[in-house]
Amino acid sequence: MINREETTETFIKDVTCQHQGSEYVLNWHWAQDIPCVYVHKSQFGAPFNINELDDRQFKLYTREEYKVHKGLREKTDGIGRYTYRIFPCRLENGKPILLMPDGDAHVIHVSTGKAKIYYSFKRGGSWFSKHQSLQIRIFSEIPIERDVLCYVKKEGSPPANKDDGTRYNFIRDLEPGVNLMPEIEVRKKDVVRLFFTDGKKYGEMYELIPE
């Protein structure tokens, strides 16, 4: 079992990430007397309690390895967001003791790229009717939870954002590939657009592209 201690010292700081081809490289500033670190990787936003983690979820990484590889190199495998926590260690009888620092100087959030979401609309109905049917077609590279996207309907002009018109949520998750939404009824002058429900959060993870 990994032995752990709390510390008020900032032994690891200035953590950065750079994408290099099919890899991304993490770099950080080490305190001079820190010989190694334990690295923990998790999905972004996942609950974190260090006391509930299995030792196998930590990766021991030495200063020598860091120098040889010029950082910690990870393969860009798929699309997503991850959180890395880099815990400094001290040695006791040749064995590393994990130090748990205050704050987030040892933490970095990494994005491995944006998943593309393409969407289009198909209208149908009679020329003489005031209403038309509308079907939304969405193509996604990866699974998307239903609360990521919404569609907004506005009469006469395109909605500028998710709050500019009447907003509707999706009722099911999106699968990879083509997703055809149930037809809805709209007025001929209605304009519909898709938006992220949280542009700041999901805009870092996905790219929304009208076809």
Side-chain angles (χ1 to χ4, degrees), residues 17-26 40-49 53 57 73-85 107-211:
C17 176
Q18 292 184 331
H19 291 270
Q20 297 182 3
S22 61
E23 297 179 320
Y24 53 97
V25 184
L26 301 182
H40 180 265
K41 176 184 177 182
S42 62
Q43 291 283 341
F44 175 79
F48 179 81
N49 184 337
L53 297 178
Q57 295 176 267
R73 295 182 176 270
E74 296 274 85
K75 288 287 185 181
T76 304
D77 184 17
I79 298 169
R81 295 188 73 194
Y82 303 95
T83 297
Y84 283 84
R85 293 175 171 87
V107 179
I108 189 171
H109 306 297
V110 174
S111 174
T112 59
K114 294 183 180 183
K116 291 181 172 59
I117 305 172
Y118 299 91
Y119 71 93
S120 61
F121 304 102
K122 181 181 179 182
R123 287 179 178 258
S126 170
W127 284 99
F128 303 101
S129 173
K130 294 181 180 180
H131 294 82
Q132 292 179 318
S133 63
L134 182 142
Q135 187 174 50
I136 304 173
R137 178 187 184 274
I138 301 174
F139 177 87
S140 175
E141 294 182 328
I142 63 174
I144 306 291
E145 294 184 359
R146 59 189 165 200
D147 60 353
V148 171
L149 297 173
C150 63
Y151 65 93
V152 178
K153 183 176 66 175
K154 183 180 179 181
E155 184 176 5
S157 62
N161 55 61
K162 65 183 176 69
D163 299 313
D164 183 26
T166 305
R167 173 179 163 181
Y168 301 90
N169 295 323
F170 288 98
I171 61 174
R172 63 178 176 85
D173 298 341
L174 302 179
E175 301 295 332
V178 176
N179 296 264
L180 296 177
M181 301 295 104
E183 290 187 358
I184 59 174
E185 186 177 74
V186 298
R187 292 167 295 190
K188 284 189 175 180
K189 292 184 178 180
D190 286 339
V191 182
V192 178
R193 290 289 183 270
L194 259 63
F195 295 97
F196 294 120
T197 56
D198 186 332
K200 182 178 181 180
K201 177 181 179 180
Y202 296 123
E204 296 181 358
M205 303 167 63
Y206 310 106
E207 184 177 359
L208 192 55
I209 306 169
E211 290 187 304

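Start at 1 with the first residue, then count along the sequence.
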Distance (rounded to the nearest 0.5 Å) between [X] [atom1] and [Y] [atom2]:
X      : Y      : atom1 : atom2 : result
Ile144 : Glu175 : CD1   : CD    : 10.5 Å
Gln132 : Lys130 : CD    : NZ    : 14.0 Å
Glu74  : Lys41  : CD    : NZ    : 5.0 Å
Asn179 : Ile117 : CG    : CD1   : 10.0 Å
Asn169 : Leu149 : CG    : CG    : 10.0 Å

Would a 4.5 Å heavy-atom cut-off, applied to side chains only, mark [X] and [Y] as touching?
X      : Y      : answer
Ile142 : Leu174 : no
Val152 : Val192 : no
Phe48  : Leu53  : yes
Met205 : Lys114 : no
Lys75  : Thr112 : no
Pro176 : Ser140 : no
Met181 : Arg172 : yes
Leu194 : Phe121 : yes

Atom of Ile138, atom of Ile136 and distance for their closest heavy-atom approach:
CG1-CG2, 3.8 Å

With sequence neighbours left out, which residue pairs that include part of residues 181-205 fulfil the ring pair (Phe, Tyr, Trp, His ring centres under 6.0 Å) condition?
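Residue pairs passing ring pair (Phe, Tyr, Trp, His ring centres under 6.0 Å), neighbours aside: none found.
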
Write out all pairs satisfying ring pair (Phe, Tyr, Trp, His ring centres under 6.0 Å) with one or both partners inside residues 159-181, taking only residues at least two apart or from two chains.
Tyr151-Tyr168, Tyr151-Phe170

Using modelled atom types only, decide if a donor and an acceptor are shared between the side chain of [X] and the backbone of [Y] within a distance under 3.5 Å.
X      : Y      : result
His19  : Ser111 : yes
Asp190 : Val186 : no
Glu155 : Val191 : no

When you look at Ser42 and Gln57, which way does the side-chain contact (heavy atoms from CB on, under 4.5 Å) test go after all the steps?
CA-CA 9 Å; Ser42 62; Gln57 295 176 267; over 6 Å; no

How about CG on Leu180, more than 12 heavy atoms from neighbouring residues, nucleotides or ligands closer than 6.0 Å, or not?
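Check passes, neighbour count above 12.
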
Using the rule given for side-chain contact (heavy atoms from CB on, under 4.5 Å), can you reason through Arg81 versus Gln43, listing the C-alpha separation, both sets of side-chain angles and the distance that settles it, and then say yes or no?
CA-CA 6 Å; Arg81 295 188 73 194; Gln43 291 283 341; over 6 Å; no

All pairs passing salt bridge (Lys or Arg N to Asp or Glu O under 4.0 Å) where residues 137-147 contributes a residue, at least two apart:
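Listed by first then second residue: Arg137-Glu211.
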
Test: salt bridge (Lys or Arg N to Asp or Glu O under 4.0 Å). Region: residues 157-169. Which pairs qualify, not counting sequence neighbours?
Lys154-Asp164

Any ion pair linking Arg73 and Glu23 (charged N to carboxylate O, less than 4.0 Å)?
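Counted as a salt bridge, because a side-chain N and a carboxylate O are separated by less than 4.0 Å.
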
Would Tyr84 and His109 count as a close aromatic pair, with their ring centres under 6.0 Å?
no

Which residues share a ring-ring contact (aromatic ring centres under 6.0 Å, His included) with Tyr118, sequence neighbours left out
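In terms of ring-ring contact (aromatic ring centres under 6.0 Å, His included), with neighbours along the sequence ignored, Tyr118 is linked to no residue.
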
Set of residues satisfying ring-ring contact (aromatic ring centres under 6.0 Å, His included) with respect to Phe139, sequence neighbours excluded:
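Here no residue qualifies.
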
